[in-house]
Every structure is written in C-alpha cells, then in structure tokens.
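Right, one structure below, let's go through it.
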Amino acid sequence: MNIENQLKNTIQQALSSLFEVSEAVTLQPTKKDFEGTYTYVTFPLVKQLRKNPVEIGNAIGNYLLENSKLVSKFNVVQGFLNVSIADSAWVDTLNQIITDKNFGFLPKNGQSVMVEYSSPNTNKPLHLGHLRNNFLGYSIAQILEANGYDVVKTCLVNDRGIHICKSMLAYQKYGNGETPESSGIKGDHLAGKYYVLFDKDLKQEVAELVAGGMPEDEAKKKAPSIVAAQEMLIKWEQGDEEVVALWRKMNEWVFAGFNETYKKIGVSFDKTYYESNTYLLGKDVVEEGLQKGIFFKKENGSVWIDLKEEGLDEKLVLRSDGTSVYITQDLGTTDMKFKDFNNDKSVWVVGNEQDYHFQVLFAIMKKLGRSYADGCYHLSYGMVDLPSGKMKSREGTVVDADDLAEEVRAEAENVAKERGDIASMSSDEQQHLFNMVGLGALKYFLLKVDPKSRMLFNPQESVQLQGNTGPYIQYTHARICSVLRKAEAMQVPLNQLVNVSELHKIESDLIYLIGEYPTTIKQAALDYSPAIIAQFAYELAKTFNQFYAEVSILNEPDANKLQFRIALSKTIAETIAKAMKLLGIDVPQRM
RNA sequence: GGUUCCAUAGCUCAGCUGGAUAGAGCAACAGAUUUCUAAUCUGUGGGUCUUAGGUUCGAAUCCUAAUGGAAUCACCA
C-alpha cells in the first residue's frame, strides 16, 4: 500500500479512537510554504466535536507520531494538520517502485474499448485540427491500455459525398491528367488543390447570379458547379464507371498521402472503415425503430424520433425520399462496430461542434435498447483557433499538418545544431532526433491543454523548445541518461535496492511525485485527458532539474547516497519515458 | 430565439470532488557554468479570478442573475 493510503487509514483510526467518529479521510498535498507532505483539514470536525481546530489537529498529530512509523513530525496551522513523512518511508517507497516491474500499469481489467479517431475527408490534406484529433485519439488509446483495457483503434474515413465530388469535378475541368508523380505534389495536397479551385469557381458563379438579381441562398443552390457536383454524386451512387474510376484514382492518391502523414506523426489504426462501404447502413435500424414504435412516420414519408423527454427535439432519421441522413448512417455504423468487435466501451474522438449529434445518437441507441448504449462516450474536444481567427479550409486559412510538422522539425534541427549533443551521432541518428524533438514539441503543445477546452494555436509558441514544452521534458530525460552513462562508467550499480537514512527535501519530493504516477494515469483515463499526464511529466522533469542544480549526483562521496541518487534518477527517467509514451512522444538518450 | 459550453497575470494555460498568502510557461528585467548536458537553474515585477447577489466556519471552485464570447438547433456531413 502506498504512503497516502496508509496515512489515511491511520488518521481514520485516530478519529475513531480519539473522538469516536468514522469519517472518510481525504488528504491534500501540503502547500509549498508550509512544512510537510500531506495535509489533513480539521475544520469540518469542529462543529461535530465542539473543539477548536488546533486542538483536534494536535491530538491527531500526536496519535500519528505514536502509532505510525510513517510520520516523522507534524505541525498545526489553524485547521490544517501538516504531516511530514519519515525519510525511511520514502526510501522504502522508492525500493518498492524499483522492484515493481509493472509500476504504472494497471492489470488487465477484462474490458475492451474501441477508440475511433482521425476520421479524415478524402478531399483535402490534414490540418491542425486533425492533428489535435489524432494526437488525442492516439494518446487516449495508450492511456486506456495502461489502465488495463484491450484497445482497438479505428478510423472511419469519409471517402464519399458531395465534397469529394467537388475535387473530382475541378480535376476534370483543370486537371489535364496531372498526377502526384507528374506534379511532384503529395496526393492529398493535390486533391486539396482542386477542392480549392472548385470553391473559387463556385464563389464566382454565385456572385454572378446574385449580381443578376437572384437571392444568395438560392444562388448557392443553383450555381452550375454545385448542380454538377450533385449530378456527379448521383452518378457515383449509380455506379457510373467513369465517375467511379476517377473517384478510385483520386482517393488512392489521397490515401497514399494520408499514410505518409500518419507514419510521420506516429499514429496508427487497427482497423479502417470507409464510408463508401457504410453509407447505406442504418436503414434496417430505422425499420426496427418503426416496428418498435420508437420512430414515427410523417405524412410525407420521412421518419422521425421524438426526443423531447431527453431534453432534445424531434430529429429526422430518414428523408421522405427514403435516403439516409448523417445520423442514419451512424446508427448502422455503430451497430456494425459493436458487432465486429463486441467492445464493452466505445469512444468517439470528435470535435465539440458535434455534441448535439452524439447526444441524439446515444439517446436513440438507448431507446432502441442496445446493451452497449451506456458504454458509448463522445470525447468532445474544442476547436483550435489561430491568432487570426477560425480556420476555414475552403478559404485557405488553415495550418497544414505536413507544413507544420516540417516547421517544428526544422526548428528542432536549428537548435540541436546550435547547442545539441549530436556530434557523435550518424546523420541518420541526427535526422531521427530532429524528428523526435520536433514532433515532441508539436504533440506536447496540443496535448497539454485540457481537451475539452477551445485552444489558441500560436505558431511561434508551438515551435518553442524551452519552458513548459515537450523538448524540455525530452531534454531532462537525455540529461539523466547522460548521468547514468557516466555512473555506469564509474561502475556504480544501477539496479540495486538502496539504503540511505537521510534525504534532501527535494529527494523526498521526487519520490512523492513518482509515487503519484499510478493515480495520475487513472485520473487521465477517467477524465479522458492526456493533459493531466503532460502536467505530471512537466512537474517531474522540472523538479528533477531543480534537484540537478541543487545537489550533485556523481560527486557524492558517500557510496550509499551516490547509489541512491542514481537509482532515483534512473527511476525518474523511466517514469518520464512512460508518461511521454502515453502522449505518443518518444524521448531520446541524448540531445 | 432554444440548448450547451466558456470567461483566472500583458499572452497561453493549471487550479481534482469548496480549504492556508490563487500557480506555471512565454514575454520583460537581474543573476548563476574551474563541477554530472545552460534546450538548465535562481531571483524581481505583474491578479478587484468578467460583474452583482446567495449558500458556507471558508468560494476562482457550488447556486441564481447580468454582461461578453463560442458551438449547435438543416430532408448538409
């Protein structure tokens, strides 16, 4: 049992033996300005016991001193009982952690979870918003796995629909047989280029129609380009050979481009679904709902569900012409996913603009009596804003994922060449490092803020490598590795239990922090928040760097202390590496 | 208009189920290397936690209202 839980138990004993009360005990970390590690607040007991808080604090404190080996001293400030933990208890804790090969991983819990993320459209390249989605999804999958789940990562590719036809139309018009090979443009960027061209034409047509006196709403529906796109979509659905062939060709370009990007940014999927295969699903679910009397038909033949009781509204699930809407398809796809993998839980990593959609989807699944309905979770993350405002792909005000990755990589290269420890590396190793550090900066930057909140992306700050950044933490790891290499050369044993009697305050702080790792990853899973882990990794790295500046590790004459500091440093490096891995960030041996 | 979410230092963000004098990073300024990686460390300045009420021994945190902002409410996806 860890120190915190032992202490809680002893306080509970104190409460019952001193005051005959049984209360759940919660502890909080002691504020930096006061002496102690854990603080117990006695204010709530005042009314119940009719004693003053200081008296209560002292009574409990003395009980702890007498009855627990963990506690070395205490102090009471008003209603706060600050408890200091004995150095020996910290050393024991470190030894336990060293011994525990699975430290920081929860045992398998027998449950499985699907994490669906990324979900790109095949008409344009990935941008900054996708990056937040991808990093979040991948990280959440890692975090759930560390918490004992079996995880299936899936990606649902939106590879059909009117938006795809737009790129295709513009390509027919302007393409001249251009290919990624002939142009040297990455496939997804090439498709995106035509998507933008389409929109340019469309805008002009609308402007002309409006100038001719047509209302803007109508013009947007009647512009020749948009009509042509709709016709093309119908042809596609009818299986028109020419259209399907073009669709195949352009999609392949895009997939090749996506795969390159995914590989570069280090995300992956166990299974990819394509909407071109799933878009007709869900009509059977509509039929089922009608039979069960959960859905109802309006006069024009359209099918609806009434979700007023759930605080939502009436919602269309099938058009009057019998064709699907977005939610129809999702009903079918959700059934299919659970049929395929039979997961206990399913997480959709999708932006918060779709909050309403998922409320409706889950409410319908519940009404239909799906056994999995309670295990569905929409990980709703906030938009990424730019200093210039909102990103809009059609207007070209997006930050491209590939460009951004290259930018941070280049910055990492600059800094490494200026002050990195890279002289002994081969050119390949150097390139590998620049990538690792650049990506580390980008991932950490996007993951360190609470997923739920909208965030501002400042390009200048995102390539920063100092302060609260990924590279700062990577650097700390490399720094420890450097010390460990020297220790090894000095023949200090690296993998032995340690025995010292007296610690620096900062050393016990570090052990305290390492000990918080298991609760941190549990909390991260509960909240679906990689940010909690980012925070933890930063705190640990920062405290180590303070320790490093304050206390000499390798120059310690006392062999036991030297060995202790090495063991402590090594454990910190391992913990940093584990935490960063959950964020999808690798850490280098040197940098 | 309905619903949901947000408002903390110049900027970007932490602040867990209410607890002590509200914390980091960036930016600014001043320092630290005969010694383990200076992508580091130390220090200084910077706050009516949007506003007004309420609950409480105790509120950035909970409740109500106001103000400002965002998303969504399509027979779009």
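We name chains A, B, ... by the order of the sequence lines, and we start the count at 1 in each one.
Looking only at atom types and distance, the side chain of A:Ser167 has no donor-acceptor partner in the side chain of A:Asn123 under 3.5 Å away.
For A:Thr39 and B:A20, a side-chain-to-base donor-acceptor distance below 3.5 Å is present, hydrogens and geometry of angles not being considered.
Contact annotation: A:Arg479 reaches the phosphate of B:A38 (side-chain N/O to OP1 or OP2, under 4.0 Å). Residue A:Arg419 places at least one side-chain N or O under 4.0 Å from the OP1 or OP2 atom of B:A39. A close approach under 4.0 Å does not occur between any side-chain nitrogen or oxygen of A:Tyr326 and OP1 or OP2 of B:A77. Within the structure, every side-chain polar atom (N or O) of A:Lys31 is placed at least 4.0 Å from both OP1 and OP2 of B:U21. Proximity of A:Gln329 to the phosphate of B:A77: no side-chain N or O atom is located under 4.0 Å from OP1 or OP2. Listed pair A:Thr42 / B:G19 fails the phosphate criterion, with no side-chain N or O lying under 4.0 Å from OP1 or OP2. Using a 4.0 Å cut-off, no side-chain N or O of A:Arg590 falls inside it from OP1 or OP2 of B:C36. Dashed line: the shortest gap from a side-chain N or O of A:Lys542 to OP1 or OP2 of B:U40 is not under 4.0 Å. Considering only side-chain N and O atoms, A:Tyr472 lies under 4.0 angstrom from the phosphate OP1 or OP2 of B:C41.
In this structure, A:Lys166 places its NZ atom 13 Å from P of B:C76, rounding to the nearest Å. Atom NZ of A:Lys32 is separated from atom C1' of B:U42 by 15 Å (rounded to the nearest Å). Rounded to whole angstrom, the span from the CG atom of A:Leu331 across to the C1' atom of B:A77 amounts to 15 Å.
A:Pro44 comes within 4.0 angstrom of a nucleotide base, judged by non-hydrogen atoms across all strands. In this structure, A:Gln589 reaches the bases: a heavy-atom distance under 4.0 Å links it to at least one base atom across the strands shown.
Taking the 5.5 Å centre cut-off and the 30° plane limit, the aromatic side chain of A:Phe34 is classed as stacked on B:A20.
Of all nucleotides listed (B:C76, B:A20, B:C36), B:A20 comes nearest to the side chain of A:Thr30.
The main-chain N or O of A:Met436 is never found under 3.5 Å from a side-chain atom of A:Asp586 such that the two would form a donor-acceptor pair.
In this structure, B:U44 and B:A28 make a Watson-Crick or G-U wobble pair, each of the two defining distances being under 3.5 angstrom.
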Write down the protein N/O and nucleotide N/O pairs, taken from nucleotides 33-35 of chain B, whose separation is under 3.5 Å; answer none if there are no such pairs.
from, atom 1, to, atom 2, distance (Å)
B:U35, O2', A:Asn555, ND2, 3.4

